[in-house]
Protein chains: 2
Amino acid sequence: MTKKLNDKRVMRTKRLIRDTLTELMEQKGFDAITVKDITDKAMINRGTFYLHYQDKYDLLEKSEAEFFSSLEQIVRDLNPQVAISLTSQNEPFPVIVKLFDYFQETAPFLKALLGPKGDPKFQVKLKEMIKTLMRQVLLSQVNQEDLLVPEEFLLSYISSAHVGVVQYWLETGMQKSSEEMTLILAKMTLLGPGHATGLLK
Amino acid sequence: MTKKLNDKRVMRTKRLIRDTLTELMEQKGFDAITVKDITDKAMINRGTFYLHYQDKYDLLEKSEAEFFSSLEQIVRDLNPQVAISLTSQNEPFPVIVKLFDYFQETAPFLKALLGPKGDPKFQVKLKEMIKTLMRQVLLSQVNQEDLLVPEEFLLSYISSAHVGVVQYWLETGMQKSSEEMTLILAKMTLLGPGHATGLLK
DNA sequence: AACAATACTCAACACAACGTTGATTATCCT
DNA sequence: AGGATAATCAACGTTGTGTTGAGTATTGTT
C-alpha cells in the first residue's frame, strides 16, 4: 500500500505550514521560530506538524529543495544552446529574465531567506547555481589562457555580485522589471563581447 | 563606585567564552549552539555566562560589534586622502590591503560568521561598510551622469562581489597574500582609471 | 451512500535548555 | 591583609521538544 499523495488534507496542511514559515521568517528570523509558533499561527495541532516534518530544520530544507527544484527546471527547460548564448548588450539573456520572473513569483519566500534573518546556506546554494551557469558562459566566451585572474575568483566575484543585486532588488520592492534587471546585470558584468563598454558613456 | 574593568578574571572569562563561540560556530553553526554547549566546552559555570551576557544573541552581537569597531579603526587610521586614492593597477589599494591583513588575523571568527552556518546580519553589515568605502571611490573617480547603471545597483554589485571573494578566500585556506587579493579584486572591479582593461590580455 | 483508510486533534509524558536566585568559595585589586 | 567581587554550585519554575495512545473528522474508493 503506497501512501496517498493527493489527499486534500495533506496538501492543505503542508501549504499552510510552509506559508506560515515564510511569514514568521520575515518577522523574527528562522532560528527564533519554534514549532509551536508555526502551529499556533497556522492553527493546527502541534502533533500534525510532526506528521509531515521531523523538525523545523527539516521543514526549511524541504522548502528550499522545492524552490531549487523549480529553479533547475526553468534552466533545464530552455534549450541549453539558447540558454548560454549571449545576446547583444541591449537584449537581456533569456535565462536570466526567466529566473527573475520566478524570483518575483516567490518573492516573499526568497526575500525572507536572502534577508538579514535568512539562511546563509540558502545563499550559498543559490550562488553555486549561478556559478555553474556563469562557468558555461565563461567557457563559451573567453579563452582560459587570456584570463588575468584565477577563474574561481572571477566566478565567486560574479555570482556573489549577482545574488547581492537580487537581494537589493528584493529589499527595495522590486521596482524594476526582469528585463531591466537583466540588462543592468549584463552591463556590470565583465563577460561577453561587449564587456567593459557597458558601464560608462 | 564604578565597576572595575581590568579584572583578570573577567577578561579571562570573556575571552574564553568568545573563543569558544568561534569554535562552536565552525562546528555546528550559531543557532544549534546552546549556552550549555558554550559553558561546558569552556569549562565554566553556566551562571557565569549570564554574569556577562544576557543570552547567546547578546554574545554574538557584542562579538560582532568588537570586530567592526576594530575594522572602522583601521579605515579611520589611514589618511582618508590616501585611503580613497587609487593607485596604478599594479599597486594595491592601501586600505584594502590593511583590511585583508586584519581579516587574516581574525580568520577563524570571520570564517565562521561568513560561512554557511554563519550570521546573515553580519554579512549585511560588512557589505554596508564596503559600500560606504566604495561610494567614496566612485564619487572621486566617476561623473555621476556618465553612469549607465543606477549607482545603488552598482554599489550592491561591487560590495557583494567583494564579500563573496573574501568568503571564497577564507574557505580555500587563504592561499593568496593580502596584496595579491587586492590586485585580483582591482582587476575584476570596474572602477578607477584602468577599469575594464585588467581582466583580459 | 457507506466503508475503510488515514489525516488530524487532544492530553499527557519525559527530557533538555532556559534564565534566575541565594548561599558559598576563590580570586583579584589596593 | 582585607574588602570587593567574580565564579561556583544547587535548585527553581518555565518553555519548547519530540513522542505516544486514543478519539474524531475528512477523504478517496467502491
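Residue numbering restarts at 1 for every chain, and letters A, B, ... go by the order of the sequence lines.
- Using a 4.0 Å cut-off on heavy atoms, none of the residues of residues 56-66 of chain A approach DNA chain D.
- Here A:F100 pairs with A:F103, A:W169 under the ring-ring contact (aromatic ring centres under 6.0 Å, His included) rule; sequence neighbours left out.
- Against DNA chain D, the stretch residues 48-55 of chain A makes heavy-atom approaches under 4.0 Å through A:Y50, A:D55.
- An angle of 50°, rounded to 10°, separates the two end axes of the helix from C:dA1-D:dT30 to C:dT30-D:dA1, each defined over five pairs.
- Under the 3.5 Å distance criterion, the side-chain polar atoms of B:S177 are matched with a main-chain donor or acceptor of B:E180.
- In this structure, B:K176 has no salt bridge (charged side-chain N to carboxylate O under 4.0 Å, His left out) partners at least two apart in sequence or on a different chain.
- Atoms CG (B:D7) and C1' (D:dT5) sit 7 Å apart, rounded to a whole Å.
- Note that NE2 of B:H162 and OG1 of B:T182 are 9.5 Å apart. Values are rounded to the nearest 0.5 Å.
- The distance between atom NZ of B:K8 and atom P of D:dT5, rounded to the nearest whole Å, is 18 Å.
- A:E23 pairs by the salt bridge (charged side-chain N to carboxylate O under 4.0 Å, His left out) definition with A:K41, not counting sequence neighbours.
- Below the 3.5 angstrom threshold, one finds a donor paired with an acceptor across the side chain of A:R9 and the base of D:dT26.
- Checked against side chain to side chain donor-acceptor pair (under 3.5 Å), B:N45 has no partners two or more places apart in sequence or in another chain.
- Regarding A:N6, its CG atom lies at a distance of 13 Å from the C1' atom of D:dT29, rounded to whole Å.
- The pair A:K121-A:D119 fails the salt-bridge criterion, with no side-chain N (NZ, NE, NH1 or NH2) lying under 4.0 Å from an Asp/Glu carboxylate O.
- In this model, a donor atom of one side chain and an acceptor atom of the other lie less than 3.5 Å apart for B:Q73 and B:D77.
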Side-chain donor-acceptor distances from residues 60-68 of chain A under 3.5 Å, at least two apart:
unit_1: A:K62; atom_1: NZ; unit_2: A:D58; atom_2: OD2; d: 3.1
unit_1: A:S63; atom_1: OG; unit_2: A:L59; atom_2: O; d: 2.8
unit_1: A:E64; atom_1: OE1; unit_2: A:K125; atom_2: NZ; d: 2.6
unit_1: A:E66; atom_1: OE1; unit_2: A:R18; atom_2: NH1; d: 2.5

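- Panel note: side chain B:K56, backbone B:I33; a donor-acceptor pair is recorded below 3.5 Å.
- In terms of the salt bridge (charged side-chain N to carboxylate O under 4.0 Å, His left out) criterion, residue partners of A:K36 (sequence neighbours excluded) are, by chain and number, A:D40.
- Near DNA chain D, defined here as any heavy-atom distance below 4.0 Å, the residues from residues 33-47 of chain A are A:T34, A:V35, A:K36, A:R46, listed numerically.
- For the 3.5 Å distance criterion, the side chains of A:T34 and A:D37 qualify, holding a donor opposite an acceptor.
- A search for ring-ring contact (aromatic ring centres under 6.0 Å, His included) contacts involving A:Y57 returns A:F30, not counting sequence neighbours.
- For the residue pair A:K111/A:Q167, the side-chain donor-acceptor check at 3.5 Å is not satisfied.
- If you check residues 16-28 of chain A against DNA chain C, you find no residue with a heavy atom closer than 4.0 Å.
- Using a 3.5 Å distance cut-off with no hydrogens or angles, the side chains of B:Y157 and A:T189 do pair a donor with an acceptor.
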